[in-house]
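Heads up: the structure comes next, in structure tokens.
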Amino acid sequence: MNITENISVKSYNSFGIDVITRYFATFSSTNELLNLLEDYRAKNVLVLGGGSNILFTKPYEGLIIKNELKGIELLHEDSECYFVRAQAGENWHRFVQYCIEHNYAGVENLSLIPGNVGASPMQNIGAYGVEIRDVFYALEACHLKDHTMHRFGLADCHFGYRESVFKNKYLNQFAIMNVTFRLRKQPVFQTGYGAIEQELAKMQISKLTIKAISEAVINIRSSKLPDPAKIGNAGSFFKNPLIPLTHFKELKKSYPSIPGYPAKENKIKIAAGWLIEQCGWKGYRKSDAGCYEKQALVLVNYGNASGQEILDLSESIIQTVLAKFQITLEREVNIL
Ligand code: EPU
């Protein structure tokens with residue numbers, strides 16, 4: 001456990017933004033974390049997982065600690081489910097693959113999402129009809145100020161669409177140490193999301209399995225989402241907005257093809273990618289900051305963009321979408 005000073009975070013964030021952090025350290029045990037938190041330099045602590053949902057817009061004047069807790073274990077099982085605990089520093093997709101190899105069903109639709117296990121409950125990651133809350137059982141987290149361990153069950157996390165208590169009330173207050181998932185012995189296949197059915201048909205799958213679904217999801221994601229190892233990005237930059245049904249009906253008159261999906265409280269979820277594309281941003285590039293050519297919801301760093309350039313681009317997008325559709329897009333990515 002060493003604290004280094006004034007190093008670049010470029011390789012620690014999937015956007016590949018090159019800024020300096022005042023202090024940086026990693027931890028791979030609870031003791032190491034506790035020692036770090038007791039260090040006199042442990043002010044403004046930011047716990048980083050895979051760095052896949054963050055945009056650095058300026059140097060970080062504090063201590064960044066990278067969670068490297070590793071391990072996956074089967075805690076217990078009942079007649080229907082396996083209770084599987086993964087340490088927060090495990091790579092998310094590696095965990096999904098582990099589940100598929102062991103026939104633990106439930107996370108296959110969440111294949112290939114960048115980031116670590118510890119970050120998954122933070123924003124209730126979701127894709128192709130499944131969210132973390134559907135498979136979540138509990139997590140353990142360390143309070144960054146008083147260093148006590150806390151257990152959070154499903155109801156404690158207040159999961160919502162890309163939301164949890166860790167993005168709101170407890171923002172930057174906890175280091176998530178491990179997450180326990182409740183995974184099914186008998187899979188309940190979720191193929192309702194259109195693209196999955198089409199992809200499975202293309203793959204000529206004769207027997208549906210969690211592995212086949214995972215492969216379909218991997219194919220879909222790789223065909224339209226940029227690989228952060230090649231082009232810097234943080235997945236969807238904005239959330240899909242929820243608008244009142246009356247507003248949707250109004251918009252539908254001028255834009256008959258506007259995609260909207262019924263959501264709770266008589267609201268309609270609109271595909272933000274469509275709104276952004278309609279405003280002409282898809283494929284846009286200024287210096288190294290751009291709007292991805294195959295999925296407008298994803299902002300990209302082609303090499304040396306600064307966080308501020310990406311943020312400015314996102315602001316321009318928000319303004320044009322607001323002017324054209326009277327909808328305010330909300331960022332999904334954490335801005336620092
Ligand atoms: N669309 C366009 N143009 C675009 C992009 C999308 O018109 O450039 C329209 C199309 O009508 C398409 C619809 O938007 O049918 C939905 O697109 P897609 O299936 O790609 O999903 P999304 O709503 O853009 C969300 C999640 C993704 C997740 C996919 C699949 C959010 C903010 N994003 O994207 O999550 O993978 O659904 O479930 O909810 C992430 O959060 O980082 C992420 C990648």
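Remember, it's 1-based here, ligands and their atoms both numbered in the order they're listed. We're numbering straight along the sequence, starting at 1.
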Using a strict 4.0 Å cut-off to heavy atoms of [X], name the atoms of ligand 1 that fall inside it.
{"X": "Tyr193", "answer": "18 (P), 19 (O), 21 (O), 30 (C), 37 (O), 38 (O)"}
{"X": "Gly235", "answer": "42 (O)"}
{"X": "Phe238", "answer": "32 (C)"}
{"X": "Tyr161", "answer": "31 (C), 32 (C), 39 (O)"}

Indicate yes or no: does an N/O atom of Ala296 lie under 3.5 Å from an N/O atom of ligand 1?
-> yes
Ligand 1 to Glu332 polar contact by distance, N or O atoms, under 3.5 Å | yes
Are Glu293 and Lys282 close enough for a salt bridge, meaning some N to O gap below 4.0 Å?
-> no
Going by distance alone, is a donor N or O of one side chain under 3.5 Å from an acceptor N or O of the other, for [X] and [Y]?
{"X": "Asp312", "Y": "Gln308", "answer": "yes"}
{"X": "Glu199", "Y": "Asn219", "answer": "yes"}
{"X": "Ser29", "Y": "Asn31", "answer": "no"}
{"X": "Glu101", "Y": "Gln97", "answer": "no"}

Specify the protein heavy atom at minimum distance from [atom]: its residue, its atom name, and the distance to 0.1 Å.
{"atom": "atom 1 (N) of ligand 1", "value": "Trp274 N, 3.7 Å"}
{"atom": "atom 34 (O) of ligand 1", "value": "Leu297 CD2, 4.0 Å"}
{"atom": "atom 38 (O) of ligand 1", "value": "Tyr128 N, 2.6 Å"}
{"atom": "atom 5 (C) of ligand 1", "value": "Gln295 OE1, 2.9 Å"}

Among [options], which one has a heavy atom closest to [atom]?
{"atom": "atom 23 (O) of ligand 1", "options": "Asn240, Val298, Ile258", "value": "Asn240"}
{"atom": "atom 33 (N) of ligand 1", "options": "Pro259, Ser236, Gly283", "value": "Ser236"}
{"atom": "atom 9 (C) of ligand 1", "options": "Ala271, Ser257, Cys291", "value": "Ala271"}
{"atom": "atom 3 (N) of ligand 1", "options": "Glu277, Arg221, Arg162", "value": "Glu277"}
{"atom": "atom 18 (P) of ligand 1", "options": "Gln278, Lys282, Lys224", "value": "Lys224"}

On a heavy-atom basis, the closest approach of Asn44 and Glu61 is ND2-O, 3.4 Å
Heavy-atom pair with the smallest gap, counting every atom of Ile132 and Asn124 = N-OD1, 3.2 Å
Heavy-atom protein neighbour under 4.0 angstrom from atom 12 (C) of ligand 1 = no
Assign the ring pair Phe15 / Phe237 to parallel, tilted or perpendicular, where the plane angle (0 to 90°) is split at 30° and 60°.
-> perpendicular
Please work out which of the three classes, parallel, tilted or perpendicular, describes the rings of Tyr284 and Trp281, given edges at 30° and 60°.
-> perpendicular
For ligand 1, is any non-hydrogen atom under 4.0 Å from Tyr261's backbone (N, CA, C, O), its side chain (CB onward), both, or neither?
-> side chain
Quick check, are the ring centers of Phe181 and Tyr104 under 6.0 angstrom apart?
-> no
Is NZ or CZ of Lys324 both nearer than 6.0 Å to the six-membered ring centre of Tyr255 and within 45° of the ring axis?
-> no
